[in-house]
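Taking it in order: structure first as structure tokens, then the write-up.
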Amino acid sequence: MSSKPDLRVLVGRQEIEKTIGRLADNINEDYRGKNPLIIGILIGSFVFLADLIRLLEFPLDLDFVRLSSYGAGTETSGKVRMALEPGAQIKGRDVLVVEDIIDTGYSLAFLIDYLKKKEPASLKLCVLADKPSRRQVPVEIDYNGFTVPDEFLVGYGLDYNEKYRNLPDICILGEGE
Ligand code: IMP
Ligand code: MG
């Protein structure tokens with residue numbers, strides 16, 4: 001029996017940095033002269049968000065929501081609820097949602113539906129990683145860092161049972177875990 005976690009680097013820190021630079025360039029172009037409200041989804045997006053917003057060159061407001069889906073382990077169930085609601089007013093704002101990874105799409109479809117009802121001036125979505133092979137509901141992504149295979153990923157904010165968020169690279173967690 002080994003206690004060493006089975007981790008393989010999928011995206012290294014240099015490639016992450018380069019990709020976030022590319023995302024920030026696109027976001028800077030689209031939001032120039034605006035003052036958007038950026039909403040990060042806790043907890044997973046916090047590392048990505050921290051790196052991304054420091055490259056943004058327009059004034060912005062920052063808020064967070066927390067979603068939780070019923071069901072444990074590595075599978076998301078279709079039922080999502082909001083464990084922490086946004087504190088900021090959404091109505092009339094240019095809202096940019098920042099998420100770590102989109103998998104089935106249930107979480108983001110739920111959040112986008114919730115936010116649209118609050119009548120933002122505009123609503124866009126930025127994800128660090130997209131796992132399109134597992135999508136159950138369609139979600140339009142405006143800015144995507146990486147398209148990733150159907151593997152369970154950890155690191156750079158992503159967790160498995162709250163572990164591994166601190167790894168600097170995006171890693172594949174093997175079956176052994
Ligand atoms: P969805 O509702 O299935 O799209 O799930 C999205 C959420 O599930 C993300 O916010 C993550 O918290 C989590 N998730 C999905 N895939 C992974 C993964 O590979 N590693 C870590 N978390 C994941
Ligand atoms: Mg999440």
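FYI, side chains are in, hydrogens and waters are out, and symmetry mates aren't considered; it's all heavy atoms of this structure. Whatever order the structure lists ligands and atoms in, that order sets their numbers, starting from 1.
- Annotation: side chain of Val98 is in contact with side chain of Phe48 (closest heavy-atom distance under 4.5 Å).
- Residue Gly105 places at least one N or O, backbone or side chain, under 3.5 Å from an N or O of ligand 1.
- A cation-pi contact, defined as under 6.0 Å to the ring centre and within 45° of the axis, is absent between Lys117 and Tyr114.
- On a distance-only criterion, Ile102 and ligand 1 share no N/O pair closer than 3.5 Å.
- For the side-chain contact (heavy atoms from CB on, under 4.5 Å) criterion with Leu173, the lone passing option out of Leu153, Val154, Leu158 is Val154.
- The one candidate from Asp103, Asp150, Asp130 that meets the salt bridge (Lys or Arg N to Asp or Glu O under 4.0 Å) condition with Arg135 is Asp130.
- Taking a cut-off of under 4.0 Å to the non-hydrogen atoms of Ser107, the atoms of ligand 1 that pass are 1 (P), 2 (O), 5 (O), 6 (C).
- The ligand atoms of ligand 1 that sit less than 4.0 angstrom from a heavy atom of Ile101 are 6 (C), 9 (C), 10 (O), 11 (C), 14 (N), 15 (C), 16 (N), 17 (C), 19 (O), 23 (C).
- Under 4.0 angstrom from ligand 1, the non-hydrogen atoms of Glu99 all belong to its side chain.
- Residue-ligand proximity, Glu151 to ligand 1, at heavy-atom distances under 4.0 Å covers atoms 19 (O).
- Residue Asp159 has at least one heavy-atom neighbour below 4.0 Å for each of these atoms of ligand 1: 21 (C).
- Ligand 1 lies out of reach of Val154, whose nearest heavy atom is not under 4.0 Å from it.
- Of the candidates Thr104, Ile170, Leu67, Asp100, Thr104 brings a heavy atom nearest to atom 3 (O) of ligand 1.
- Not a single heavy atom of Arg134 sits closer than 4.0 Å to an atom of ligand 1.
- Residue pairs meeting the salt bridge (Lys or Arg N to Asp or Glu O under 4.0 Å) criterion with at least one partner in residues 18-38, sequence neighbours excluded, are Asp30-Lys124.
- Under a cut-off of 6.0 angstrom, the local environment of CD in Glu140 is sparse, with at most 12 non-hydrogen atoms contributed by other residues, nucleotides or ligands.
- Considering each of Tyr106, Tyr160, Phe110, Phe152, the one bringing a non-hydrogen atom nearest atom 18 (C) of ligand 1 is Phe152.
- The heavy-atom pair separating Pro59 from Asn35 by the smallest distance is O-ND2, 3.1 Å.
- Side-chain contact between Ile16 and Asp51: absent, with no pair of heavy atoms (C-beta onward) separated by less than 4.5 Å.
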